[in-house]
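What you are looking at is a predicted structure, and each value in this text was computed from that prediction instead of being measured.
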Amino acid sequence: MNKKTGWAIVGLSKLVTDEVLPAFNLCNHAKLVAVASGDNEKATEVAKQYGLSNKAIYTYDNFNNIKDNDEIDIVYIVLPNSQHKEFTVRAAAAGKHVLCEKTMATSAEDAQTMLDACSKANKKLMIAYRIQYEPKNRRMMRWVRNEKYGRVRLLEGFNGMNVDDPNQW
C-alpha cells in the first residue's frame, strides 16, 4: 500500500480533539485530510494545528462539497447520534466510505436508511464499535461457535456510560 487513506473527520468533540486526531500521527496507512464542523473558528484552529489548508475545512452547510475532494477516501462521523443518518447519507452520496461513531442511529428506520444509502453508492459503512475485534472477545466467539464448553444457552453483558445530552437519542 503506497498511498495513505485520506480521512475527513466530521465533528470536533472532545473525543476527536483529545483522542482521534492525535492518533493520526501514529498511523502508517491513514492520514487526516479534512475536517468538518459547525464551528468554523474551531475547525480553522484544528486544521492549522494539523497542517490542513483552508480548502480542507468544511461546514455542515457546505459538507456536500467533499465530493470534489479526491483526497478524502473515508468520512468519520463523530456527531451526536441524531445527526448520524444525515451525514452518513450525505457522505455516501458524495462517494465516500463511512465510519460512523456508535450508536449507529436513533431508530431502526434511520439505520436502514444509512445502510441503503451506502449500498446504493457502493460504499462501505462501518460503525465504530471495536469489541468484536479484541482478542479476548474473538476467542470467546470461537469457543461459542465451536461449543468448546458445550452449547451456550445464555450470555449476559452490560455496557454503562454517561451521556452528556440525553436529547441526542
**Prompt:** Are side-chain N/O atoms of Asn62 and Thr59 paired as donor and acceptor at under 3.5 Å?
**Reply:** yes

**Asked** So, Asn69 versus Tyr58: side-chain donor-acceptor pair below 3.5 Å or not?
**Response** yes

**Message:** Is it the case that over 12 heavy atoms from other parts of the model lie below 6.0 angstrom from the CE atom of Met126?
**Reply:** yes

**Message:** Does Glu86 have more than 12 heavy atoms from other residues, nucleotides or ligands lying within 6.0 Å of its CD?
**Reply:** yes

**Asked** So Glu134 and Arg138, salt bridge (Lys or Arg N to Asp or Glu O under 4.0 Å) or not? Walk me through it.
**Response** CA-CA 6 Å; Glu134 293 177 352; Arg138 292 181 72 78; over 6 Å; no

**Request:** Step through the shown structure and confirm whether more than 12 heavy atoms of other residues, nucleotides or ligands are within 6.0 Å of CG on Asn122.
**Result:** no

**Fill in**
To the nearest 0.5 Å, atom CG of Asn81 lies from atom SG of Cys100 at 8.0 Å

**Prompt:** How about Arg142 and Arg139: do any of their side-chain heavy atoms sit closer than 4.5 Å?
**Reply:** yes

**Prompt:** Short question: side chain of Lys85, backbone of Thr113 - any donor-acceptor pair under 3.5 Å?
**Reply:** no

**Asked** How many angstroms lie between atom CE of Met141 and atom CD1 of Ile131, to the nearest 0.5 angstrom?
**Response** 9.0 Å

**Message:** If I take atom NZ from residue Lys31 and atom CG from residue Asn28, how far apart are they, to the nearest 0.5 angstrom?
**Reply:** 14.0 Å

**Request:** Give the cluster check for Ile57 versus Phe63: same hydrophobic cluster or not, with ILVMFWY residues linked at side-chain heavy-atom distances below 4.5 Å.
**Result:** no

**Asked** Quick one: does Lys96's side chain get under 4.5 Å of Ile74's, heavy atoms only?
**Response** no

**Item:** The single option from Val10, Leu99, Ile9 passing side-chain contact (heavy atoms from CB on, under 4.5 Å) against Val75
**Value:** Val10

**Request:** Spell out, yes or no, whether Leu15 and Leu32 are grouped together once hydrophobic residues are joined by side-chain heavy atoms under 4.5 Å, including indirect joins.
**Result:** yes

**Prompt:** Do any N or O atoms from the side chain of Lys4 and from the backbone of Cys27 form a donor-acceptor pair under 3.5 angstrom?
**Reply:** yes

**Message:** For the NZ atom on Lys102, are there more than 12 heavy atoms of other groups (residues, nucleotides or ligands in this structure) within a distance under 6.0 Å?
**Reply:** yes

**Message:** Please say yes or no: joined through hydrophobic side-chain contacts below 4.5 Å, possibly via intermediate residues, are Tyr133 and Val20 part of one cluster?
**Reply:** yes

**Message:** Nearest 0.5 Å, please: how far is OG1 in Thr88 from CG in Asp116?
**Reply:** 12.5 Å

**Message:** Testing the basics here: between Ala92 and Val98, what is the closest heavy-atom pair and its distance to 0.1 Å?
**Reply:** N-CG2, 4.3 Å

**Message:** Can you tell me if Lys42 has over 12 outside heavy atoms packed within less than 6.0 Å of its NZ?
**Reply:** yes

**Complete:** Between Gly11 and Tyr60 the two heavy atoms that sit nearest each other are CA-OH, 3.9 Å

**Prompt:** Of the options Asp70, Ile72, Ile66, which is the one that meets Val33 in a side-chain contact (heavy atoms from CB on, under 4.5 Å)?
**Reply:** Ile72

**Message:** As an exercise, state the distance from NZ of Lys3 to CD of Glu71, rounded to the nearest 0.5 Å.
**Reply:** 8.0 Å

**Item:** Backbone of Gln132 reached by a side-chain donor or acceptor of Asn137 within 3.5 Å
**Value:** no

**Message:** So which atom in Asn64 and which in Ala94 form the shortest heavy-atom distance, rounded to 0.1 Å?
**Reply:** O-CB, 4.3 Å

**Message:** Tell me whether the NZ or CZ atom of Arg90 lies within the 45° cone about the ring axis of Phe87 and under 6.0 Å from its centre.
**Reply:** yes

**Item:** Any side-chain donor near an acceptor of the partner, Glu101 and Tyr76, under 3.5 Å
**Value:** yes

**Asked** Going hydrophobic residue to hydrophobic residue with side-chain gaps under 4.5 angstrom, can you get from Trp7 over to Val46?
**Response** yes

**Tyr149 side chain reached by Trp143 side chain, heavy atoms, under 4.5 Å** = yes

**Asked** Would you find more than 12 non-hydrogen atoms of other residues, nucleotides or ligands less than 6.0 Å from Lys120 atom NZ?
**Response** no

**Asked** In Å, rounded to the nearest 0.5 Å, how long is the span from CG of Leu125 to CD1 of Ile127?
**Response** 4.5 Å

**Request:** List the atom of Pro22, the atom of Val16, and the distance in Å for their closest heavy-atom pair.
**Result:** CD-O, 3.9 Å

**Fill in**
For Ala117 and Val89 the tightest heavy-atom approach is CB-CG2, 3.9 Å

**Item:** Main-chain N/O of Ser13 paired to Thr17 side chain as donor or acceptor, under 3.5 Å
**Value:** yes

**Fill in**
Taking every heavy atom of Ala36 against every heavy atom of Leu12, the minimum-distance pair comes out as O-CG, 4.4 Å

**Message:** Under a 3.5 Å distance rule, please check whether Asp73 uses its side chain to pair with a backbone N or O of Gly6 as donor and acceptor.
**Reply:** yes

**Item:** Polar side-chain atom of Asp39 near backbone of Glu41 as donor-acceptor pair, under 3.5 Å
**Value:** yes

**His84 side-chain N/O to Leu79 backbone N/O, donor-acceptor pair under 3.5 Å** = yes

